[in-house]
Structures are given as structure tokens and as C-alpha cells.
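Everything below concerns the one structure shown next.
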Amino acid sequence: MGTIADDPDYQATSALDRLRQTDYARLDATDQVYLDYTGAGLYGESQIRDHVAGLSTAVLGNPHSLSVASAASTERVEHTRRRVLEWFGASRDRYTVIFTANATGAIRLVGESFPFAEGGQLLLTTDNHNSVNGIREFAVRKGARVDYAPLTMPELRIDLPALHARLDGADRSRRNLFAFPAQSNFSGVKHPLDVIAYAQRAGWQVLLDAAAFVPTNRLDLSAVDPDFVAVSFYKMFGYPTGVGCLIAKRDALEALPRPWFAGGTVNFATVHGRHHIRSAGEAGFEDGTIDYLSIPAVEIGLRHLERAGFDLIGRRIGCLTRYLLEELVALRHSNGRHMIRIYGPTTMDMRGGTITMNGYDPDGHLLDYRRIEELAGERGISLRTGCFCNPGAGETAEQLTDEDMDRAAAFGREMTLPRFVQLMATRHTGKSAGAIRASLGIVSNARDVERFLDFMRGLRDQTKLALGDVTFDIESCRIIRDGS
Ligand SMILES: Cc1ncc(COP(=O)(O)O)c(C=O)c1O
């Protein structure tokens with residue numbers, strides 16, 4: 001049987017192999033298999049060289065003034081702002097770009113400013129990153145109703161009739177916000193973007209979390225029309241970290257009352273008069289000094305994706321993901337039992353290159369995902385495990401109940417993900433609140449996929465006991481090993 005490397009569709013993307021050799025040589029030089037592109041993209045070495053060259057020859061000052069050094073920074077920032085709008089097909093008349101620290105910062109800008117009030121609503125999909133789930137705290141505090149639209153099983157897609165029913169129930173005289181991810185960072189599902197127009201017709205403003213979608217898909221804001229879009233640039237091209245953006249419709253932005261003002265966001269502020277006038281457009285939302293040295297690297301990153309052949313990246317990831325799914329689904333122990341359970345779609349219909357799964361031993365016992373991550377690490381394979389800050393998708397996938405959640409909540413601050421996993425494992429045999437995620441990106445190749453598959457095949461007929469226990473504990477999203 002041939003491997004994916006022999007597939008003509010895959011071979012048609014061989015330009016990316018050359019890119020890997022020239023710009024990502026460190027991957028093969030260190031013999032690593034990187035499979036966490038949904039966590040963070042990888043930068044090409046040329047991006048760093050280009051950025052350093054730009055910094056080395058320019059004198060760049062704080063953009064909030066008129067000096068030559070300041071103007072040089074402003075010119076670079078504004079140029080980048082235009083490039084970002086162009087990349088997303090967004091007209092400058094309708095949209096603007098607000099630079100933030102990351103997608104979370106962009107989402108927070110909307111959440112903290114949105115005029116939630118009694119009678120108004122926040123509607124979220126159950127599949128959402130915690131940075132979107134967190135908006136509910138702002139909404140609840142201001143008396144708005146918070147609701148979740150459920151997912152279908154087993155594909156973890158938005159349940160459209162249930163979503164439409166909720167959207168149709170809005171009070172149009174109030175301000176209502178609907179927020180959902182264009183692509184799930186849990187299951188890789190691409191959610192239908194036509195729900196944006198549906199929601200707007202029904203009286204909602206829409207926040208599209210595009211963080212997991214835009215690294216490998218074109219988001220065309222001349223074809224879809226969300227009010228707000230959140231992006232993290234390191235997820236698109238690895239570098240720089242610390243820069244994201246909120247792409248916002250100009251009229252939607254003006255209608256957001258901010259909870260405070262800060263340096264850079266006002267045209268005028270007095271101390272004696274206790275009065276301030278917010279700057280128009282993006283300036284009114286960029287608190288303090290933006291990261292003016294890193295922002296020009298965003299333009300370099302976009303150029304990098306363009307030169308690599310953005311559509312080629314999507315095509316290659318499609319081939320590799322299809323193959324990986326087929327092979328994982330086919331894995332069986334000698335006794336015929338499946339080795340792997342995939343969460344979400346097992347075909348390429350409306351899904352991206354993120355695959356979340358759990359492993360089971362020949363007796364059907366759930367394998368500890370942390371142990372699998374650890375064993376993969378010993379082979380130089382970087383996976384992601386846990387709940388990926390997307391609890392709703394995992395809870396739906398394992399059909400965890402409200403009672404399960406109440407049990408967990410009773411632990412108060414003592415509750416951590418590992419404890420929750422343990423609690424669920426004792427309450428429901430074989431269920432897991434955590435999983436293993438493998439995700440593909442710009443220079444993933446057939447060899448990465450084969451090495452991962454070889455590793456997973458090595459779990460055949462291994463008992464949970466034989467795999468041993470994990471040698472570290474993860475208490476939260478921050479993992480600090482002794483001595484590091
Ligand atoms: C779908 C999605 N939304 C939002 C975020 C938050 O991104 P950041 O941590 O860069 O703010 C992530 C990060 O993983 C994500 O995958």
C-alpha cells in the first residue's frame with residue numbers, strides 16, 4: 001500500500017518541501033515532529049532576518065508624537081494596518097484594524113465594551129475557546145441573558161435548528177451579541193459562516209473568533225460581514241508573538257462605549273473638568289503604546305504566507321489530514337478493538353487540520369493522554385493535550401452531565417483539570433475530560449505524519465498498566481517542570 005507521499009495531490013504541493021528545507025531547516029536538524037500548529041504556528045527563519053534587518057537600519061520612536069523617529073514608526077504601523085485589511089479583503093471604508101496583544105485581547109475589547117443590559121443577550125456556541133466563554137462574565141454583570149447553542153454528536157458541528165431558534169428569539173430593540181469560532185480549536189470543524197448574516201438579520205451583532213481558522217484558510221471580509229473578528233498573528237505565521245488584532249466594522253466600533261480611557265485613546269482629557277473625548281476609530285481602542293517594533297513583522301509574516309503559496313498550504317494540510325484520519329480510524333488491537341477515538345468529523349467535509357483523539361488499551365481502558373504526550377515527547381514529537389481551553393466541545397464529546405459539573409464545582413479552588421479528569425474517570429468508565437490534539441500547518445510533511453502514526457501504532461496491544469504513569473502533573477494551563 002502506498003503512503004501519502006505517493007499521492008499526486010500531495011506531490012503537487014512539493015514547493016512546501018523546499019520551503020521547509022530553506023526556512024525551517026531547524027525542524028529536521030533537531031529531528032523534531034511539530035504537531036501543534038493550532039497552538040502556535042512556526043516562523044520561517046527569513047521572517048526573523050527580514051525583521052531584524054528592518055530594525056537595524058531604522059530609528060524608531062514612540063508613535064505618539066510628531067518627531068522624525070515617531071513618524072517612522074507610525075508609517076510602518078499604518079502600512080501594516082492597511083496590509084492586514086487587504087489580506088482579509090476588508091474595505092477601509094467599512095472595517096478598521098485595532099492592534100492588540102493577541103486574539104484574547106481583541107475579544108476582551110469587545111466583551112468589556114459591549115453595552116449588555118437587561119433584555120439583551122449574549123449567545124455563544126458550546127464550541128468556543130475560554131477567551132470567548134469569558135465574555136459571559138461581562139454580560140452577566142450587566143444583567144444580560146447568556147445562552148449557549150448546542151453541538152451535534154458525534155461531529156461536534158453547530159446544531160443549526162437549535163441555533164436558529166435561539167437567534168430568532170432576540171429582542172431587536174436591545175443590543176445582542178453572538179460569538180462563535182470560524183474553526184474549532186478542539187475538533188477542527190469549520191463552522192458555516194453564513195450564520196453570520198442569519199444572526200445579523202435576526203438582530204444580533206457578531207463576533208467571529210478567527211484565531212484557529214485564518215492560519216490555513218482565507219477569511220474574505222468582502223464575502224462575509226461579521227461586526228468583529230479576532231486574530232492572533234503568531235498562530236498564522238509563528239512570529240511575532242504578542243501581536244493580534246480586532247478587525248471591526250467602523251460603525252460597530254463607534255457604537256461600543258468603552259469602560260475607561262487611556263493614553264493614546266483620547267483626543268482630549270482634562271483633570272479639572274473630569275472630561276474626555278475618545279479618539280475616533282481604532283485609536284480609541286489601542287490602549288497605551290502599541291508594540292510598534294513588532295507590528296511591522298506582521299507584514300513580513302503575511303508576505304511569507306503569500307510567497308509560500310497560501311492555497312498550497314491548505315491543500316497539503318487537506319491531503320495529510322485525510323490520510324491521518326483514515327489511518328487513525330483503522331488502528332486496531334490484535335483483539336479487533338479500536339485503538340483510537342476521534343472527536344469530531346472523520347472525513348474532510350468542512351474540517352481543518354486539527355485532530356483531537358484519545359487512545360484506549362485492548363480492554364477498552366482509556367489511556368492517560370498526558371502519558372501519551374510524554375512518550376511522544378521522548379521521540380521528539382510535540383503534541384498538545386488537555387482540554388485546549390475549549391471545555392464545551394470536550395464536555396459535549398463525552399456527554400458529561402450538569403451533575404458532573406456540579407460535582408466538580410463542589411471542589412472550589414481545589415479543582416484542576418487533572419482532578420476533573422480523575423473525577424470523570426471514576427464516575428464514568430472510559431470517559432475523559434482531556435484529549436490528545438495533533439494539528440498540521442505550513443511545513444507539515446508526510447514524514448511528520450508517518451512518524452506520528454508509527455508512534456501511535458506502537459500502542460497496539462499495550463495495556464494501560466504497561467504504559468506506566470505520567471511522571472509530571474499539570475495543575476493548570478501553565479506547566480512548570482522542576483528545575484526549569
Ligand atoms: C479558537 C481560538 N480562539 C482564541 C484563542 C486565544 O488566542 P490567544 O491565546 O493567542 O489570545 C485561541 C488560542 O488557542 C484559539 O484557538
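Whatever order the structure lists ligands and atoms in, that order sets their numbers, starting from 1.
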query = Does ligand 1 have a heavy atom under 4.0 Å from the side chain of Thr104, from its backbone, from both, or from neither?
reply = both
ask   = Does ligand 1 have a heavy atom under 4.0 Å from the side chain of Tyr234, from its backbone, from both, or from neither?
value =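 Side chain only.
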What I want to check is whether the side chains of [X] and [Y] have a donor and an acceptor closer together than 3.5 Å.
X: Asp23; Y: Ser46; answer: yes
X: Asp209; Y: His129; answer: no
X: Asn62; Y: Thr289; answer: yes
X: Thr396; Y: Thr126; answer: no
X: Asn445; Y: Tyr10; answer: no

Just to confirm my output: which protein heavy-atom neighbour is closest to [atom], and how far is it?
atom: atom 16 (O) of ligand 1; answer: Asn185 CB, 3.2 Å
atom: atom 14 (O) of ligand 1; answer: Lys235 NZ, 2.7 Å
atom: atom 15 (C) of ligand 1; answer: His129 CD2, 3.4 Å

request  = Within a distance under 4.0 Å of any heavy atom of Ser232, pick out the atoms of ligand 1 and give their elements.
outcome  = 7 (O), 8 (P), 10 (O), 11 (O)
task = Would you mind listing which atoms of ligand 1 come within a distance below 4.0 Å of any non-hydrogen atom of Ala211?
result =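 Selected atoms, number and element: 2 (C), 3 (N), 4 (C), 15 (C).
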Within 6.0 Å of CZ in Arg82, more than 12 heavy atoms from elsewhere = yes
key: Pair Ile4-Glu327, side chain to side chain contact (heavy atoms under 4.5 Å, CB included): steps then yes or no   = CA-CA 11 Å; Ile4 187 63; Glu327 294 294 310; over 6 Å; no
query = With a 4.0 Å cut-off on heavy atoms, does Phe213 reach ligand 1?
reply = no
inquiry  = Please compare Thr38, Thr241, Asp209, Asn390 and report which has the shortest non-hydrogen distance to atom 2 (C) of ligand 1.
reply    = Asp209
